[in-house]
Amino acid sequence: MGQVRIVADSTCDLSKELLEQYEISVIPLCIVMNDKSYYDGVEVTPDQIYEWADANRTTPKTSAITFEYVEKVLRPFIDAGDEIIYLGISEKMSTTCNVIRLYAEDADYTDKIHVIDSMNLSTGIGLQLLYAAQLAREGKTAQEIVSLIESRRDKARASFVVETLTYLARGGRCSAVTALLGNALNLKPEIVVENGAMKVAKKFRGKQASVILKYAEELKEDLLKADPAVVFLTHSGCNRAVLDSVREYLAGLNHFENIYETRAGGVISSHCGPGTLGILFYAE
């Protein structure tokens, strides 16, 4: 009898250590720069993306996972007769989940590849992956895991504060004029994920260090009601002092068993730019 394997795409933003600890396999999305495609986290890093983006005054394009890499990751599991649970970035943001469905049909393995639309991104997916891996270790069947993940999916809370509007403007997510004015006024939008899509929840103003801490403090009520198992502190390249202040704040709540700090991968970073930070958790 085969095992239940947990697979995700690179937008899950889990650290190498967590991926190894929970035995989660990752299929990278693609970053396109100068008409050349690079596998996210395999062939290009966020810092390399920032360097290219600033030099060219644009953001790279991103594209879904490729059949070639899906085959590379999933074929050994298929040959072993394993069942596969794939948790992908929200289908409102990417066609990645559908690529897996098409591959399952092509491989004649649709009965054993279970695709879950996370309706989220970054460690909003990561939360669901750790839960799925935990359930698999407890001996739950693939169908039981899918049911439990989907029943809890809308409790995954994902929000981020963006430091600069420049990358959002370059990617067409806000106008150049809005970005120019926003940056001049030190406006920092809070982006939240709801029903699988991103929207602006509020706008902070000030230096990023003070804004980030205010953002964390305004989440206090929700954080104290959250699942205490884990909270993620996920960023796209923040000052160490800022990260330490938020971690200290979260630890001071005396609520969470695990506070995981992760660095966002290339896809997420290319859209939000450096300095973005989010706090992600499961609501009870």
Side-chain angles (χ1 to χ4, degrees), residues 1-29 64-158 193 195-196 227 229-230 232 258 260 262 265 280-284:
M1 183 178 178
Q3 301 181 50
V4 176
R5 303 287 188 173
I6 309 299
V7 183
D9 66 66
S10 60
T11 65
C12 70
D13 291 345
L14 292 178
S15 66
K16 180 181 178 182
E17 292 76 19
L18 285 172
L19 292 171
E20 291 177 350
Q21 179 183 344
Y22 285 90
E23 300 179 285
I24 298 167
S25 300
V26 170
I27 303 171
L29 272 71
I65 55 179
T66 65
F67 257 55
E68 178 185 13
Y69 217 108
V70 173
E71 170 74 9
K72 177 181 177 180
V73 173
L74 299 192
R75 176 51 59 183
F77 300 153
I78 293 173
D79 291 343
D82 296 334
E83 288 205 66
I84 298 162
I85 293 177
Y86 176 81
L87 258 158
I89 184 173
S90 172
E91 292 196 67
K92 292 183 179 180
M93 303 178 193
S94 173
T95 61
T96 292
C97 282
N98 204 42
V99 173
I100 296 293
R101 294 189 186 99
L102 292 172
Y103 175 81
E105 292 178 7
D106 189 65
D108 194 23
Y109 210 66
T110 55
D111 58 330
K112 289 190 175 182
I113 295 181
H114 310 271
V115 179
I116 302 176
D117 174 4
S118 72
M119 296 186 70
N120 223 302
L121 52 67
S122 189
T123 44
I125 308 170
L127 289 162
Q128 298 174 63
L129 286 166
L130 298 194
Y131 183 42
Q134 174 191 329
L135 294 170
R137 288 180 175 179
E138 292 173 0
K140 294 287 193 297
T141 66
Q143 282 297 150
E144 288 173 330
I145 294 171
V146 170
S147 178
L148 287 166
I149 292 294
E150 291 184 338
S151 68
R152 200 184 183 198
R153 179 170 49 193
D154 64 352
K155 293 183 179 296
R157 299 287 182 263
V193 179
N195 299 315
D227 180 346
V230 58
F232 277 103
N258 296 287
Y260 292 134
T262 67
L280 304 94
F281 55 91
Y282 261 130
E284 281 286 23

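For this chain, numbers begin at 1 and follow the sequence in order.
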* To do: Kindly determine whether Leu14 and Val26 satisfy side-chain contact (heavy atoms from CB on, under 4.5 Å), including the steps that lead there.
  => CA-CA 10 Å; Leu14 292 178; Val26 170; over 6 Å; no
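- No donor-acceptor distance shorter than 3.5 angstrom exists from the side chain of Thr95 to the backbone of Asn98, with no hydrogens or angles considered.
- A cation-pi arrangement is absent between Arg101 and Tyr86 under the rule of less than 6.0 angstrom and at most 45 degrees off the ring axis.
- For Asp117 (side chain) and Glu91 (main-chain N/O), a donor-acceptor pair under 3.5 Å exists by modelled atom type.
- Contact check for Ile6 versus Glu23: no side-chain heavy atoms found under the 4.5 Å cut-off.
- In this structure, CG on Asp9 lies 5.0 Å from OG1 on Thr96, to the nearest 0.5 angstrom.
- Other residues, nucleotides and ligands contribute at most 12 non-hydrogen atoms within 6.0 Å of the CD atom of Glu68.
- The side chain to side chain contact (heavy atoms under 4.5 Å, CB included) test with Val7 singles out one residue from Leu74, Ile85, Val70, and that residue is Leu74.
- Heavy-atom minimum distance, Tyr131 versus Ile149: CD2-CD1, 3.3 Å.
- Atom CG of Asp108 is surrounded by 12 or fewer heavy atoms from other residues, nucleotides or ligands within 6.0 Å.
- Ser147 places no side-chain N or O within 3.5 Å of a backbone atom of Glu144 that could act as its donor or acceptor partner.
- In this structure, Ser25 OG and Leu19 CG are separated by 8.5 Å, a value rounded to the nearest 0.5 Å.
- Contact detail for Asp82 and Gly2: the closest heavy-atom pair is OD1-CA, 3.4 Å.
- Heavy atoms from other residues, nucleotides or ligands lying under 6.0 Å from NZ of Lys155 number 12 at most.
- For the atom pair OH of Tyr103 and CD1 of Ile84, the computed distance is 7.5 Å after rounding to the nearest 0.5 Å.
- Here the straight-line distance linking atom CD1 of Ile27 with atom CD1 of Ile65 works out to 4.5 Å at 0.5 Å rounding.
- Closest approach of Val193 to Met93, counting heavy atoms only: CG1-CE, 4.3 Å.
- Separation of atoms CZ (Phe281) and CZ (Arg157) is listed at 7.0 Å; rounding is to 0.5 Å.
- Shown here for His114 and Val146, the closest heavy-atom pair between the two residues is CB-CG2, 3.7 Å.
- A distance-only check finds a donor-acceptor pair linking the side chain of Ser10 to the backbone of Leu29 [under 3.5 Å].
- To the nearest 0.5 angstrom, Glu83 atom CD is 10.0 Å from Ile113 atom CD1.
- The shortest side-chain heavy-atom distance between Tyr260 and Ser15 does not fall under the 4.5 Å cut-off.
- The heavy-atom pair separating Asp227 from Ala229 by the smallest distance is OD1-N, 2.9 Å.
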Check: residues 120-128 side-chain donor-acceptor pairs under 3.5 Å, at least two apart:
| from | atom 1 | to | atom 2 | distance (Å) |
| --- | --- | --- | --- | --- |
| Ser122 | OG | Asp13 | OD2 | 2.7 |
| Thr123 | OG1 | Thr234 | OG1 | 2.7 |
| Gln128 | NE2 | Ser118 | O | 3.2 |
| Gln128 | NE2 | Gly124 | O | 3.0 |

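- Contact annotation: the side chain of Tyr282 never approaches that of Leu130 to less than 4.5 Å [non-hydrogen atoms, C-beta and beyond].
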